[in-house]
> 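Below is a structure I'd like to ask you about.
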Amino acid sequence: MCGIVGYIGSRDATPIIMEGLQRLEYRGYDSAGIAVLENNELQIRRDIGKLSNLRERVAADPVHGQIGIGHTRWATHGAPAERNAHPHISMSGDFVVVHNGIVENYLELRAELIAEGVTFKSDTDTEVIVHLVEHYSVDGRDLTEATQEAACHLQGAHAIVVLSKRSPDELVIVRIGNAGGIALGIGENENFIASDIPAILEHTRTMVFLESHQIATVRADGFEVQTLDGQPVTPVLHNIPWDPVSAVKGEYKHFMQKEIFEQGRSITDTIRGRVDFEHQRVELPELNLSAEQARRLQRLVIVACGTSYYSGLVGKFFIEHMAELHVEVDYGSEYRYRDPIIDANTAVLAITQSGETVDTLAAMEEARAKNALVWSIVNAVGSQAMRVADGHITMNAGPEIGVASTKAFTSSIVDQYLLALYLGQLRGTLTPEQHHQYVHDISRLPNLVGKTLECEPQVEQLAGHLYHFRDFLYLGRGINYPIALEGALKLKEISYIHAEGYPAGEMKHGPIALIDEQMPVLAIALKDSLYEKMVSQIEQAKARGGIVIALATEGDTLIATKADYVLYLPETPPLLSPVVAVLPLQMLAYHIAVRRGADVDQPRNLAKSVTVE
């Protein structure tokens, strides 16, 4: 969960950057580093482990200057090691870069750069960025132009900061997509950069938040923002209150809205360090699972409650498809009240954001008593569900304040995708070609999420047409049936509107009796193997006077002739489509609730962690 801090002004940059990184420690990291321009030379200090290690290194070998950048890294490409820590430096030593995100096409870029004589010093994808910037710093291009050109060659979603000794009085920052935000803090004859507001709030309350595909040139006495294609942008200044809770919300009205838009980053963070994109492998060492144990497994049982239960229903598709392992999904609250059949060849996977959900913990106890292998997927590090399990996967989603889960839901889905790939590796159920494709697909996901989040204006407008209805029906098929359940749950949780999710094939077995002009039907109709069947369900709903809202794949012109409203999503690999499909449903629930004046972050009668039965 990488953190970025930058400074330019008249003060010593080093303590400002180090203190800012310390305020970002809650995001998790495995290494840290700073780069400071001192006497027109770029000085870099990096170390693995905790920030205290870097602090000791800087104390032993001080560096001082009035412009610098810092970074805390959670590995995606390359193991935790000093050579893989940020900042990364160019071959000439003239440029340094820090970066959040995944360069989806880094293997191709790396091969092209090596062919041109570039020598790489790390195993990271980030290093291609600094070499690209140097590569394009020719023919009179300034730092902004070179960074702009380099950014246009990157696939994926990114937040990037560039510092160069050739331009000693400026920093350049870029945002592409929604894998990570970046804020510019405005001071008096000094400016600050951070991936999260708390890092720089001590120094300024005036912030500019870069939008996707924008680039900013930052000097001590000012800044300019433009689009990546060179169009000038008039930035909006935000005044952030000193109140810590409001400050963490930043530009957003509610924590739920902020957490919806953090999903590009939270998904990147849960992938970090677990996927070796160069060697096409997934590693989950905290699961404590050997290949022999994996091959011996005959069954996996997923236990969870609420949103996590729906996440488990999606995970069932992944694991059965990739690992060829039979999967059952059970409500944690019901599991122990029968005599479940469990033995040593069964794995029980508990999914819980808080790690303290009492019903899920009780199900884990039942599994333990019957000698099953017990795993957990949790967000809260050190929670009980993490401690009592034989192995675990942390979501790395960061703090989730809103009671209605958003980023923890999508992170847990991605974790099950990684688990399915890992089990497929150990059990030998995937061909090399399949494995390569699934790893490539997951590398694309943060960018697809970022693109999908750009539909919020259309969702907000749609909410204005729908907020007065009292009943909704959500329909999906196959792997997106659980997303229909989750979409309905979100709406009822925060807007207090009655909503039901159904597998679309079951519509004629009861729910069709309810459809009329007063009951909107939301249909997940993406271009997949069940598309024609979903179109048929939409036609049946329309024939009975229903108002139909369709989630459709970009370029699908047919669906617009069938539904009343259409929200288009980028084309996504079918197995990962639930992560993309749920985003507009989260946003729709949010905007309808806001329209109705509901308490979005703390809906009535609900708690973030259910610790009593």
Side-chain angles (χ1 to χ4, degrees), residues 309-310 313-314 316-317 329 452 455 458-459 461-493 495-572 574-589 591-592:
Y309 174 81
Y310 300 150
L313 291 176
V314 176
K316 174 183 171 73
F317 282 84
V329 187
T452 304
C455 76
Q458 293 95 322
V459 175
Q461 184 179 32
L462 178 60
H465 296 296
L466 301 176
Y467 74 96
H468 61 279
F469 288 102
R470 299 179 60 87
D471 301 280
F472 279 73
L473 180 64
Y474 285 65
L475 299 175
R477 295 204 76 154
I479 198 168
N480 281 305
Y481 150 55
I483 300 307
L485 298 175
E486 173 64 11
L489 176 63
K490 282 292 155 286
L491 187 66
K492 71 180 77 170
E493 278 184 314
S495 73
Y496 316 138
I497 292 173
H498 172 253
E500 294 297 331
Y502 263 85
E506 290 292 302
M507 184 175 72
K508 287 181 287 188
H509 295 275
I512 198 168
L514 299 172
I515 296 176
D516 60 19
E517 65 279 357
Q518 294 300 315
M519 187 175 192
V521 177
L522 193 147
I524 304 172
L526 304 181
K527 276 289 185 73
D528 57 21
S529 61
L530 295 169
Y531 171 75
E532 287 79 10
K533 296 184 182 298
M534 283 304 306
V535 171
S536 174
Q537 305 297 330
I538 290 171
E539 290 173 332
Q540 292 176 50
K542 285 297 296 176
R544 287 154 181 83
I547 298 169
V548 176
I549 307 102
L551 296 189
T553 304
E554 284 178 348
D556 183 356
T557 54
L558 173 65
I559 209 76
T561 67
K562 306 291 184 181
D564 297 280
Y565 305 97
V566 182
L567 292 172
Y568 286 105
L569 310 180
E571 187 172 354
T572 303
L575 278 180
L576 289 171
S577 63
V579 177
V580 170
V582 78
L583 303 176
L585 305 188
Q586 294 172 346
M587 290 188 282
L588 183 62
H591 283 293
I592 287 177

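Quick note: numbers below take in every heavy atom, side chains included, and nothing from hydrogens, waters or symmetry partners.
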> My understanding is that only one of T572, V582, L569 makes a side chain to side chain contact (heavy atoms under 4.5 Å, CB included) with T452; could you say which?
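With T452 as partner, side chain to side chain contact (heavy atoms under 4.5 Å, CB included) holds for just one option, L569.
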> Can any side-chain N or O of S495 pair as donor or acceptor with the backbone N or O of I592 at less than 3.5 Å?
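Such a contact is absent between S495 side chain and I592 backbone.
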> Which residue is it: I538, L475, D564? I am looking for the one with a side chain to side chain contact (heavy atoms under 4.5 Å, CB included) to V521.
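Checked I538, L475, D564 against V521; only one passes side chain to side chain contact (heavy atoms under 4.5 Å, CB included): L475.
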> Quick one: do the E532 and S536 side chains pair a donor with an acceptor below 3.5 Å?
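E532 vs S536: no donor-acceptor pair found between side chains.
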> Just how far is it from atom CD1 of I524 to atom OH of Y481, taken to the nearest 0.5 Å?
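One finds 11.5 Å between CD1 of I524 and OH of Y481.
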> Any heavy-atom pair between the side chains of L588 and L491 that's under 4.5 Å?
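A side-chain contact under 4.5 Å is absent here.
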> Tell me, which pairs form a ring pair (Phe, Tyr, Trp, His ring centres under 6.0 Å) where one or both residues lie in residues 513-570, sequence neighbours left out?
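Pairs touching residues 513-570 that pass the test: H465-Y565.
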> Hey, are the side chains of F472 and L522 touching, using non-hydrogen atoms and a 4.5 Å cut-off?
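In short, these two side chains do not touch, never coming nearer than 4.5 Å.
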> For atom CD of E554, decide whether the heavy atoms of other residues, nucleotides or ligands shown that lie under 6.0 angstrom number more than 12.
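More than 12 heavy atoms, drawn from other residues, nucleotides or ligands, come within 6.0 Å of this atom.
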> Is the shortest heavy-atom distance from the side chain of L585 to the side chain of K490 under 4.5 Å?
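They are not in side-chain contact.
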> Answer yes or no: is there a donor N or O on one side and an acceptor on the other, between the side chain of K492 and the main chain of A499, under 3.5 Å?
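Yes, because the side chain of K492 sits within donor-acceptor range (under 3.5 Å) of the backbone of A499.
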> Does the side chain of P520 come within less than 4.5 Å of I549's, by heavy atoms?
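Counting from C-beta outward, I549 and P520 do come under 4.5 Å.
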> Tell me which pairs pass ring pair (Phe, Tyr, Trp, His ring centres under 6.0 Å) where either residue lies in residues 510-530, with sequence neighbours left out.
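Passing the test, one end in residues 510-530: no pairs.
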> To the nearest 0.5 Å, what is the distance between CG (L567) and CG (L551)?
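So the CG of L567 and the CG of L551 are separated by 6.0 Å.
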> Rounded to the nearest 0.5 Å, how far does OG of S529 lie from CZ of R477?
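Reported value, rounded in 0.5 Å steps: 10.0 Å.
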> Please round to the nearest 0.5 Å and tell me the distance separating atom CG of D528 and atom OG1 of T553.
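OG1 of T553 is found 7.5 Å from CG of D528.
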> Would you check if F469 and M519 make a side-chain contact, meaning some heavy-atom pair closer than 4.5 Å?
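No. Closest side-chain heavy atoms not under 4.5 Å.
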> Please indicate whether E571 has more than 12 foreign heavy atoms, meaning atoms of other residues, nucleotides or ligands, lying under 6.0 Å from its CD.
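No, not enclosed.
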> Is any side-chain heavy atom of V314 closer than 4.5 Å to one of V579?
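Not touching, per the 4.5 Å side-chain cut-off.
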> When you look at OH of Y309, are more than 12 heavy atoms from neighbouring residues, nucleotides or ligands closer to it than 6.0 Å?
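More than 12 within 6.0 Å, yes.
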> If I take atom CD1 from residue I479 and atom CZ from residue F317, how far apart are they, to the nearest 0.5 angstrom?
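Those atoms lie 6.0 Å apart.
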> So Q458 and P584, do their side chains get closer than 4.5 Å, heavy atoms only?
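No, every pair of side-chain atoms sits at 4.5 Å or beyond.
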> Which distance, rounded to the nearest 0.5 Å, do you find between the NE2 of H468 and the CD1 of I497?
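Between atom NE2 of H468 and atom CD1 of I497 there are 9.5 Å.
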